[in-house]
Amino acid sequence: MKKIFASKDVHGFDWIDLTNPSTEEILAISKQFSLHETSIKDCMQPDHLPKHEIVDNYTFIIVRVYTQDPMKDADTIQELTNKIALFYTSDYIITVHRTEQPLINEIKSKAIDAGGCKDTLCLLNRIVRASLLTFEEPSVKLAQSLDYFEENVFLKQRKAPILRGLYYVKRKVDVIKRLLILSYEIIDKIDTPKQRNIYTRDLRDQYVRMQNIYENLSENTAQLLSAYFSIASHRTNEIMRVLTIFSVFFMPLTFIVGIYGMNFHYMPELGWHLGYPIVMLVMAIITLAIYFWFRKKGWL
């Protein structure tokens with residue numbers, strides 16, 4: 001669906017917005033503005049990563065925005081984010097996206113209807129900044145998830161769902177972190193010394209802030225996973241220690257029982273009237289000796 005948000009006669013530049021365009025619509029726009037076929041191909045790929053590319057007489061940019069309602073177990077770029085492609089010059093800006101994006105309508109209301117932008121650079125800056133801000137709320141939710149898992153790892157019993165949940169948090173953080181890294185070139189090309197102003201500086205500051213947030217989330221997730229496996233290993237070692245202690249207690253007793261369980265005819269102890277209580281006493285003494293030895297070593 002094609003929408004014209006701004007015209008050169010009224011606003012000084014054209015802004016054409018395409019939502020889930022058909023092949024005919026995108027080809028018509030391509031012909032009207034002389035857009036290169038490689039840019040059109042990248043524009044139509046739903047899973048394309050962020051990029052900044054100067055092509056002939058225009059700049060081609062791809063940004064990704066966080067999906068409004070991703071699935072609980074979403075952990076890929078396409079499941080977590082949506083793509084917005086932009087064709088940009090000083091005379092026009094074209095935005096292309098597969099699904100309705102509330103941020104586009106919000107920017108149109110503030111930048112065009114309210115007269116907030118007088119040129120395409122201002123509009124481009126606002127779109128990129130808004131796309132970055134879509135990752136702010138997910139960062140808060142991911143931080144809350146990490147707090148929940150941290151409490152369960154350190155204060156409660158280890159459960160399989162904890163590891164599964166941690167895995168999905170790690171995947172989401174890694175995906176968004178990767179997108180932010182790939183978006184650096186876009187920010188750097190917008191905030192150049194030649195066209196730098198207070199708005200482009202604010203865009204860079206916003207980018208640095210989001211990058212730091214997800215860098216910290218990534219480090220915290222990695223540390224929590226490491227702590228989880230360390231605690232799991234420690235608990236396993238504790239179980240093995242208890243089992244080892246039990247086996248040490250029973251090994252000499254089993255040895256004695258094994259000897260007298262052979263029932264050879266010429267075993268004099270089998271004929272003793274006090275044989276049974278003597279053997280039981282010896283077993284009790286051995287058990288006590290092992291117990292006090294373990295206590296002395298600090299193993300109990």
Checklist entry - Any ion pair linking Asp17 and Lys108 (charged N to carboxylate O, less than 4.0 Å)? => result no
Item to check | Side-chain donor-acceptor pair present, Thr221, Glu219, cut-off under 3.5 Å | outcome: no
Checklist entry - Does the side chain of Ser109 come under 3.5 Å of the side chain of Glu106 through a donor N or O and an acceptor N or O? => result no
Next on the checklist: Are Tyr148 and Gln144 packed together at the side-chain level, in the sense that at least one heavy-atom pair is separated by less than 4.5 angstrom?
Outcome noted: no
Checklist entry - Hey, is Lys177 close enough to Glu215 for a salt bridge, meaning N to O under 4.0 Å? => result yes
Checklist outcome for this item: Tightest non-hydrogen contact, residues Pro102 and Gln68, listed as CG-NE2, 3.1 Å
Item to check | ILVMFWY network linking Ile62 to Leu86, side-chain heavy atoms under 4.5 angstrom | outcome: no
Next on the checklist: Quick check for you: to the nearest 0.5 Å, what is the distance between Ile40 atom CD1 and Leu27 atom CG?
Outcome noted: 7.5 Å
Checklist entry - Is there a ring-ring contact (aromatic ring centres under 6.0 Å, His included) between Phe13 and Tyr92 once you walk through the steps? => result CA-CA 5 Å; Phe13 60 88; Tyr92 66 82; over 10 Å; no
Checklist outcome for this item: In short, Arg126 meets Gly116 closest at the heavy-atom pair NH2-O, 3.7 Å
Next on the checklist: Distance check, rounded to the nearest 0.5 Å: Leu133 atom CG versus Tyr207 atom OH?
Outcome noted: 14.5 Å
Item to check | Side-chain heavy atoms of Thr287 within contact of Phe250, under 4.5 Å | outcome: no
Next on the checklist: Could you check whether atom CD of Gln45 has more than 12 heavy atoms from other residues, nucleotides or ligands sitting under 6.0 Å from it?
Outcome noted: yes
Checklist entry - Checking Ser226 side chain against Gln223 main chain: does a donor-acceptor pair fall under 3.5 Å? => result no
Item to check | Validation row: His97, Asn82 side chains within 4.5 angstrom (heavy atoms) | outcome: no
Next on the checklist: Walk me through whether Thr134 and Thr67 qualify under side-chain contact (heavy atoms from CB on, under 4.5 Å).
Outcome noted: CA-CA 8 Å; Thr134 61; Thr67 304; over 6 Å; no
Next on the checklist: Show the nearest heavy-atom pair for residues Ala85 and Phe60, with the distance to one decimal.
Outcome noted: CB-CE1, 4.0 Å
Checklist entry - Stepwise, does the side-chain contact (heavy atoms from CB on, under 4.5 Å) test hold for Thr120 with Leu124? => result CA-CA 6 Å; Thr120 54; Leu124 174 66; 5.9 Å; no
Checklist entry - Can you tell me how far the CZ atom of Phe5 sits from the CG atom of Leu123, to the nearest 0.5 Å? => result 10.0 Å
Checklist entry - Does the side-chain contact (heavy atoms from CB on, under 4.5 Å) test come out yes or no for Asn197 and Gln195, once each step is laid out? => result CA-CA 7 Å; Asn197 56 41; Gln195 60 186 18; over 6 Å; no
Checklist entry - Just wondering, more than 12 heavy atoms not from Tyr184 lying within 6.0 Å of its OH? => result no
Checklist entry - With side chains defined as the heavy atoms from C-beta onward, is the minimum distance between Tyr214 and Ser139 less than 4.5 Å? => result yes
Item to check | Hydrophobic cluster identity match, Ile93 and Val96, side-chain contacts under 4.5 Å | outcome: no
Next on the checklist: Can you tell me how far apart CD1 (Ile286) and CZ (Phe255) are? Round to the nearest 0.5 Å.
Outcome noted: 9.5 Å
Checklist entry - Are Ser233 and Phe229 close enough, and set up right, to give a side-chain contact (heavy atoms from CB on, under 4.5 Å), and what steps lead you there? => result CA-CA 6 Å; Ser233 177; Phe229 288 120; over 6 Å; no
Checklist entry - Quick one: do Leu80 and Ile181 end up in the same hydrophobic cluster if we chain Ile, Leu, Val, Met, Phe, Trp and Tyr together by side-chain heavy atoms under 4.5 Å apart? => result no
Checklist entry - For the residue pair Lys2 and Gln32, what are the closest heavy atoms and their distance? => result NZ-OE1, 4.4 Å
Item to check | Trace of the side-chain hydrogen bond (donor to acceptor under 3.5 Å, both in side chains) decision for Thr99 with Gln101 | outcome: CA-CA 6 Å; Thr99 59; Gln101 296 296 330; 3.1 Å; yes
Checklist entry - Are the side chain of Thr76 and the backbone of Glu79 linked by a donor-acceptor contact shorter than 3.5 Å? => result yes
Checklist entry - Does Thr19 use its side chain to pair, donor to acceptor, with the backbone of Glu100 at less than 3.5 Å? => result no
Next on the checklist: Between Lys189 and Thr59 (side chain of the first, backbone of the second, donor and acceptor by atom type, cut-off under 3.5 Å), is there such a pair?
Outcome noted: no
Checklist entry - According to the interplanar angle, ranging from 0 to 90°, do the rings of Tyr66 and Phe135 count as parallel (below 30°), tilted (30 to 60°) or perpendicular (above 60°)? => result perpendicular
Checklist entry - Is the backbone of Thr81 close enough, under 3.5 Å, to the side chain of Arg64 for a donor and an acceptor to pair up by distance? => result yes
Checklist entry - Does any N or O in the side chain of Tyr58 come within less than 3.5 Å of the main-chain N or O of His36, such that one atom is a donor and the other an acceptor? => result yes
Checklist entry - Are Phe294 and Met283 in one and the same hydrophobic cluster, where Ile, Leu, Val, Met, Phe, Trp and Tyr link if side-chain heavy atoms are under 4.5 Å apart? => result yes
Item to check | Rounded distance [0.5 Å steps], OG1 in Thr89 versus CG in Asp14 | outcome: 8.5 Å
Item to check | Contact check, side chains of Pro46 and Gln78, non-hydrogen atoms, under 4.5 Å | outcome: yes
Item to check | Linked, directly or transitively: Leu18 and Leu103 (ILVMFWY side chains, under 4.5 Å) | outcome: no
Checklist entry - How long is the span from the CG atom in Asn57 to the OG atom in Ser90, to the nearest 0.5 Å? => result 10.0 Å
Checklist entry - Which heavy atom of Ile290 sits nearest a heavy atom of Val248, and at what distance? => result CD1-O, 3.7 Å
Checklist entry - Would Glu137 and Lys141 pass as an ion pair if we require N to O under 4.0 Å? => result yes
Item to check | Arg241 side chain vs Thr236 backbone, donor-acceptor pair below 3.5 Å | outcome: no
Item to check | side-chain hydrogen bond (donor to acceptor under 3.5 Å, both in side chains) partner of Thr200, chosen from Thr192, Asp205, Asp191, Asn125 | outcome: Asp191
Next on the checklist: Main chain of Ile198, side chain of Asp202: is a donor-acceptor contact present, judged purely on distance under 3.5 Å?
Outcome noted: no
Checklist entry - salt bridge (charged side-chain N to carboxylate O under 4.0 Å, His left out) with Asp75: which of Lys172, Lys170, Arg171? => result Arg171
Checklist entry - Under 6.0 Å from the CD1 atom of Ile4, do we count more than 12 heavy atoms belonging to anything else shown? => result no
Item to check | His52-Asp188 side chain donor-acceptor pair, cut-off 3.5 Å | outcome: no
Item to check | Contact check, side chains of Trp15 and Ile94, non-hydrogen atoms, under 4.5 Å | outcome: no
Checklist entry - Around atom CZ of Arg196, are there more than 12 heavy atoms of other residues, nucleotides or ligands at under 6.0 Å? => result yes
Item to check | Backbone N/O of Leu179 and side chain of Ser183: donor-acceptor pair under 3.5 Å | outcome: yes
Next on the checklist: Using a 6.0 Å cut-off, check whether atom OH of Tyr168 has over 12 heavy atoms from anything other than its own residue.
Outcome noted: yes
Checklist outcome for this item: Leu49 and Arg178 have their tightest heavy-atom pair at CD1-NH2, 3.5 Å
